[in-house]
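In what follows, a structure is listed as structure tokens, so that the remarks can point back to it.
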Amino acid sequence: MPSDSKNADIEYKDTLAQIDEMIEKYKDTHEIIVCGDMNGSLDRSSTPHDKILKTFCKEKCIGNTEKCPVKETFYHQNGMSKGQIDYFLFKSNSEIINKIRQIDVLDTDPENTSDHVPVILTLNSQLKKVREKATTIIAKPKWTDCDHQIYKEVINKDLPKLMQKSKGIIEQDIRNLEKLLHKAGEAAIPKYRRKIKIKSKGKAIWNEQIDKASKQSKNAYKVWRQHGAPQERSNELKIKMTAAKRILRKAQRQAYASQRESTAGKIMKASNADTKLFTSLSTCKEKHHLLTPRY
């Protein structure tokens with residue numbers, strides 16, 4: 001939320017208006033949680049932002065819950081100013097309130113370089129396994145099984161007829177030629193354009209490097225088991241198995257890091273009007289623990 005600037009109050013109200021627009025857009029399809037550094041407090045009335053935030057929450061029927069302790073979340077570097085300005089806010093009739101296990105405001109820590117302390121929301125939730133629907137696709141033709149003689153004969157026989165019937169309309173000529181190629185394929189290739197059903201394998205990260213490391217790790221584990229699974233750290237097979245696992249984990253970490261960088265890049269390039277990107281981010285799977293973001 002906007003803080004210190006010449007037009008702070010105007011920017012603050014504008015940001016709240018944008019939040020309200022998101023709430024209205026998703027209130028019928030999603031459980032809404034507004035969280036973060038609000039730069040305004042619901043427990044004091046010493047700044048203009050405090051009054052604006054309280055008015056907004058009252059009008060939109062959103063607010064804090066009794067499970068959140070009244071405790072400072074912000075400590076100014078001058079050592080003089082502090083307050084509770086980081087919140088998890090919910091609609092008053094939201095079902096997700098009943099799923100709240102607890103909200104913790106952590107104490108200040110010497111290793112925390114931020115002037116805010118973490119606020120942690122813990123929810124009771126149950127993940128439901130959704131059965132993936134099979135998708136029907138057309139299988140890729142096996143050109144290795146193609147009878148080239150038959151394929152050429154069909155094309156050579158019908159192509160002159162297509163050329164004679166052509167009226168000079170390129171789009172129509174392309175469609176007719178496509179039909180001829182499919183006709184030749186059906187005659188020369190067994191099970192041409194066969195329809196098959198496939199199921200989604202999920203969205204887990206997998207690449208060539210991980211695949212190679214995974215196979216090596218499995219082989220090292222198999223050899224280690226075949227030799228009685230020795231537990232001595234100095235055992236050569238034990239050392240090779242451990243090393244293979246480390247290589248696999250490293251490959252996985254690199255893949256996830258690459259994915260995070262790619263996502264961050266898309267977010268940075270996205271405009272404020274990119275509702276498609278916002279939807280993709282807002283529909284992420286619900287997690288048990290949510291941390292207030294730092295701005």
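Worth knowing before you read on, the calculation uses all heavy atoms, side chains too, and leaves out hydrogens, waters and symmetry mates.
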(request) In plain terms, say whether D173 and K167 are close enough for a salt bridge, that is, a side-chain N and a carboxylate O under 4.0 Å apart. (result)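 Salt bridge absent between D173 and K167.
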Nearest heavy-atom neighbours spanning [X] and [Y]:
{"X": "A184", "Y": "I155", "value": "CB-CG1, 3.8 Å"}
{"X": "Y221", "Y": "M241", "value": "CD1-SD, 3.7 Å"}
{"X": "A139", "Y": "I196", "value": "CB-CD1, 4.1 Å"}
{"X": "F56", "Y": "L16", "value": "CE1-O, 3.4 Å"}
{"X": "Y151", "Y": "C146", "value": "CB-SG, 4.1 Å"}
{"X": "A255", "Y": "N207", "value": "CB-ND2, 3.8 Å"}

Does [X] have more than 12 heavy atoms from other residues, nucleotides or ligands lying within 6.0 Å of its [atom1]?
{"X": "I138", "atom1": "CD1", "result": "yes"}
{"X": "K245", "atom1": "NZ", "result": "no"}
{"X": "E21", "atom1": "CD", "result": "no"}
{"X": "K67", "atom1": "NZ", "result": "yes"}

(request) Run through K25, K60, K27 and flag the one making a salt bridge (charged side-chain N to carboxylate O under 4.0 Å, His left out) with D20. (result)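 Filter result, single survivor: K60.
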Within the side chain of [X], is there an N or O that forms a donor-acceptor pair under 3.5 Å with the backbone of [Y]?
{"X": "K222", "Y": "S217", "answer": "no"}
{"X": "S258", "Y": "Q254", "answer": "no"}
{"X": "Y87", "Y": "L42", "answer": "yes"}
{"X": "Q84", "Y": "K71", "answer": "yes"}
{"X": "Q231", "Y": "A229", "answer": "yes"}
{"X": "T73", "Y": "D86", "answer": "yes"}
{"X": "D50", "Y": "T47", "answer": "yes"}
{"X": "D37", "Y": "N39", "answer": "yes"}

Quick one: does [X]'s side chain get under 4.5 Å of [Y]'s, heavy atoms only?
{"X": "W224", "Y": "T242", "value": "no"}
{"X": "V117", "Y": "D107", "value": "no"}
{"X": "K91", "Y": "I97", "value": "no"}
{"X": "E153", "Y": "Q149", "value": "yes"}
{"X": "K212", "Y": "E208", "value": "no"}
{"X": "I100", "Y": "T65", "value": "yes"}
{"X": "R101", "Y": "L123", "value": "no"}
{"X": "R44", "Y": "S41", "value": "yes"}

Working to the nearest 0.5 angstrom, can you tell me the gap between [X] [atom1] and [Y] [atom2]?
{"X": "K250", "Y": "L248", "atom1": "NZ", "atom2": "CG", "answer": "12.5 Å"}
{"X": "E24", "Y": "I19", "atom1": "CD", "atom2": "CD1", "answer": "13.0 Å"}
{"X": "S234", "Y": "I239", "atom1": "OG", "atom2": "CD1", "answer": "6.5 Å"}
{"X": "L180", "Y": "K161", "atom1": "CG", "atom2": "NZ", "answer": "10.5 Å"}
{"X": "L159", "Y": "L177", "atom1": "CG", "atom2": "CG", "answer": "7.0 Å"}
{"X": "Y75", "Y": "S81", "atom1": "OH", "atom2": "OG", "answer": "11.5 Å"}

(request) Could you please spell out the steps behind the side chain to side chain contact (heavy atoms under 4.5 Å, CB included) verdict for K13 and I52? (result) CA-CA 7 Å; K13 291 180 180 179; I52 296 173; 3.8 Å; yes
(message) Consider side-chain contact (heavy atoms from CB on, under 4.5 Å). Of I96, I23, I62, L89, which one does I32 pass it with?
(response)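 The side-chain contact (heavy atoms from CB on, under 4.5 Å) with I32 is passed solely by I23 among I96, I23, I62, L89.
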(message) Over 60° means perpendicular and under 30° means parallel, so tell me whether F90 and F88 are parallel, tilted or perpendicular.
(response)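 If you compare the ring of F90 with that of F88, the planes turn out parallel.
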(message) In terms of relative ring orientation, are Y192 and W143 parallel, tilted or perpendicular, with 30° and 60° separating the classes?
(response)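 The arrangement is perpendicular - the two ring planes meet at more than 60°.
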(request) Take I210 and Q252 through the test side chain to side chain contact (heavy atoms under 4.5 Å, CB included) and record every step on the way to the result. (result) CA-CA 6 Å; I210 294 177; Q252 292 171 332; 4.2 Å; yes
(message) Please say yes or no: joined through hydrophobic side-chain contacts below 4.5 Å, possibly via intermediate residues, are I85 and V105 part of one cluster?
(response)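 Looking at the clustering, V105 is in a separate group from I85.
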(message) Is there a path of hydrophobic side-chain contacts, each under 4.5 Å between heavy atoms of I/L/V/M/F/W/Y residues, joining V154 to M163?
(response)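 In one cluster with M163: V154, yes.
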(request) Could you please spell out the steps behind the side-chain hydrogen bond (donor to acceptor under 3.5 Å, both in side chains) verdict for R175 and Q172? (result) CA-CA 5 Å; R175 284 195 291 269; Q172 185 63 45; 3.0 Å; yes
(request) Tell me, please, which residues at least two apart from E31 pass salt bridge (Lys or Arg N to Asp or Glu O under 4.0 Å). (result)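 Partners of E31 under the salt bridge (Lys or Arg N to Asp or Glu O under 4.0 Å) test: none.
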(request) Applying salt bridge (Lys or Arg N to Asp or Glu O under 4.0 Å), name anything that partners D211, two or more places apart in sequence or on another chain. (result)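 D211 satisfies salt bridge (Lys or Arg N to Asp or Glu O under 4.0 Å) with K215 once adjacent residues are dropped.
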(message) Enumerate the salt bridge (Lys or Arg N to Asp or Glu O under 4.0 Å) contacts for residues 181-192, please, sequence neighbours excluded, ordered by first and then second residue.
(response)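 For residues 181-192, and leaving out neighbouring residues, the salt bridge (Lys or Arg N to Asp or Glu O under 4.0 Å) pairs sorted by first residue read D158-K183.
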(request) Classify the side-chain pair K54/S45 by whether it contains a donor and acceptor separated by less than 3.5 Å. (result)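 Side-chain D/A pair, K54 to S45: present.
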(message) Is it the case that the side chains of Q102 and D104 hold a donor-acceptor pair, with the cut-off being a distance below 3.5 Å and no angle test?
(response)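 A donor-acceptor contact under 3.5 Å links the two side chains.
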